[in-house]
Amino acid sequence: MSGATAYDSLLISPIGTTIVGNKIVAFDEIDSTNSYALEHGGDGTVFVADRQTAGRGRLGRTWHSAPGLGLWFTVALAGSPEGLSFAAALAVRDALAPRAKLKVKWPNDLLCQGKKICGILVEHRSGRTALGIGINVHHRAEDFPTELRAKAGSLESELGGTWDRAEVLRAVLKELDRSIMLIRGGGLAEIHRAWAQACALEGRHIRCNGVEGRVREIDHHGALVVEASDGVHAIFSGDLEYLDGN
Ligand code: BTN
């Protein structure tokens, strides 16, 4: 399961969080940290892998999880807390803010210089939640499959410099812990407000799931409310295209 991994420093020195990362389990290789978390649970336990052989993305896609290049991890949580994907995107943005200016893109991507560097997948099963986060860290353009090269980037390819995956994970877990404590303390509305503000979508002309129109708001469930020629649509997930520039 876990010999020497890139994350050993986290196993040795505690990160000082309340829930998230109270236990960290590191794998060299696993099918998917989300699958493992759904199976094994543990409220706040973090499963991190150097490589995933069957990493999953949103909308039934595969998540490219090559060894040594990225940070692939899942936080297992009890129950089915609401608002997690928004809280997680904000937490990653804030954790990396000292070194990277990341933009959030509805429904829960993070972009760096216009390239997707982080994706989030929340899944529920049998009273458990898996909050899975993939952050591209060391990839060069040629490390991505050809079909992803135009859209995907990594912290290193977009910003240069040296990045330590364990330190990125430590920073993200601290921010996530704050957000999850906030949600558990009844602060979901605050997360939704911050999320809607960060997306900056109101009034923008977009297309998503075949619906084209102006965004009226992101509502309190995180849905995109779009005014289209055939009426108002609330969209919960999909691939968003901006039709009025980036
Ligand atoms: C997306 O499609 O944008 C979501 C990608 C989520 C990838 C992460 S990597 C860790 C965790 N395990 C998985 O199988 N998927 C998530």
Side-chain angles (χ1 to χ4, degrees), residues 1-2 5-7 10 20-21 24-42 44-77 84-93 95-96 102-112 114-125 128-139 143-145 147-155 165-166 168-169 172-173 176 195 199 208-209 222 224 235-241:
M1 179 155 82
S2 37
T5 75
Y7 302 101
L10 291 183
V20 175
I24 299 179
V25 183
F27 298 91
D28 287 333
E29 181 179 302
I30 197 169
D31 52 355
S32 153
T33 53
N34 263 33
S35 301
Y36 196 88
L38 287 171
E39 190 72 22
H40 298 273
T45 300
V46 172
F47 302 100
V48 59
D50 196 47
R51 172 176 190 226
Q52 297 184 114
T53 53
R56 286 200 297 277
R58 285 193 307 116
L59 308 171
R61 293 174 184 145
T62 297
W63 181 258
H64 174 71
S65 318
L69 296 180
L71 174 50
W72 325 126
F73 72 101
T74 297
V75 183
L77 291 164
L84 269 187
S85 61
F86 312 121
L90 295 171
V92 174
R93 180 199 65 177
L96 293 174
L102 302 183
K103 281 199 175 157
V104 299
K105 184 176 180 198
W106 184 95
N108 46 25
D109 290 344
L110 281 152
L111 307 186
C112 183
K115 299 273 181 91
K116 175 165 170 171
I117 61 121
C118 171
I120 294 164
L121 177 67
V122 178
E123 297 178 298
H124 308 281
R125 190 195 295 161
R128 288 184 177 143
T129 293
L131 165 58
I133 302 184
I135 304 178
N136 301 329
V137 180
H138 300 302
H139 302 63
D143 292 320
F144 290 107
E147 67 279 10
L148 294 181
R149 283 184 197 161
K151 287 189 170 172
S154 73
L155 290 170
R165 285 177 292 160
V168 174
L169 179 57
V172 172
L173 295 183
L176 269 178
W195 177 247
C199 289
C208 189
N209 297 353
L224 197 60
I235 307 174
F236 288 88
S237 188
D239 284 325
L240 176 70
E241 280 175 83

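Ligands are counted one by one from 1 in listed order, and the atoms in each one are counted from 1 as well. Note that the coordinates shown come from a computational prediction; the quantities given were computed from them, not determined experimentally.
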ask   = What residue and heavy atom of the protein are closest to atom 3 (O) of ligand 1, and at what distance?
value = K116 NZ, 2.6 Å

note = protein heavy-atom neighbour closest to atom 12 (N) of ligand 1 works out as Q52 OE1, 2.9 Å

Considering only heavy atoms of [X], which atoms of ligand 1 have at least one such atom less than 4.0 Å away?
| X | value |
| --- | --- |
| T33 | 10 (C), 11 (C), 12 (N) |
| G55 | 14 (O) |
| G57 | 1 (C), 2 (O), 4 (C), 5 (C) |
| S32 | 12 (N), 13 (C), 14 (O) |
| R58 | 1 (C), 2 (O), 4 (C) |
| R56 | 5 (C), 6 (C), 7 (C), 13 (C), 14 (O), 15 (N), 16 (C) |

key: F73 and Y7: CA distance, side-chain angles, deciding distance, ring pair (Phe, Tyr, Trp, His ring centres under 6.0 Å) verdict   = CA-CA 11 Å; F73 72 101; Y7 302 101; 8.6 Å; no

query = What class does the angle between the rings of W63 and W72 fall in, given that below 30° is parallel, 30 to 60° is tilted and above 60° is perpendicular?
reply = perpendicular

inquiry  = Yes or no: does R61 have any heavy atom under 4.0 Å from an atom of ligand 1?
reply    = no

request  = Tell me which part of L59 gets within contact of ligand 1: side chain, backbone, both or neither, using heavy atoms under 4.0 Å.
outcome  = neither

ask   = Counting only heavy atoms, which portion of I133 has something under 4.0 Å from ligand 1: side chain, backbone, both, or neither?
value = backbone

ask   = For K103, does the NZ atom sit with more than 12 other heavy atoms under 6.0 Å from it, leaving out its own atoms?
value = no

ask   = Taking the side chain from R128 and the backbone from L77, do they hold a donor-acceptor pair closer than 3.5 Å?
value = no

query = Is there at least one pair of N or O atoms, one from W72 and one from ligand 1, spaced under 3.5 Å apart?
reply = no

inquiry  = Using a plain distance cutoff, I'd like to know if W63 has any nitrogen or oxygen under 3.5 Å from a nitrogen or oxygen of ligand 1.
reply    = no

remark   = Nearest heavy-atom contact between E123 and N34 is OE1-ND2, 2.9 Å

Smallest separation among heavy atoms of A76 and A37, with atom names = CB-CB, 4.1 Å

request  = Would you tell me whether R58 and S237 have side-chain atoms, one donor and one acceptor, within less than 3.5 Å of each other?
outcome  = yes

task = With sequence neighbours excluded, give me every salt bridge (charged side-chain N to carboxylate O under 4.0 Å, His left out) pair touching residues 45-54.
result = E29-R51, D50-R165

Partner set under salt bridge (Lys or Arg N to Asp or Glu O under 4.0 Å) for R61, not counting sequence neighbours = D239

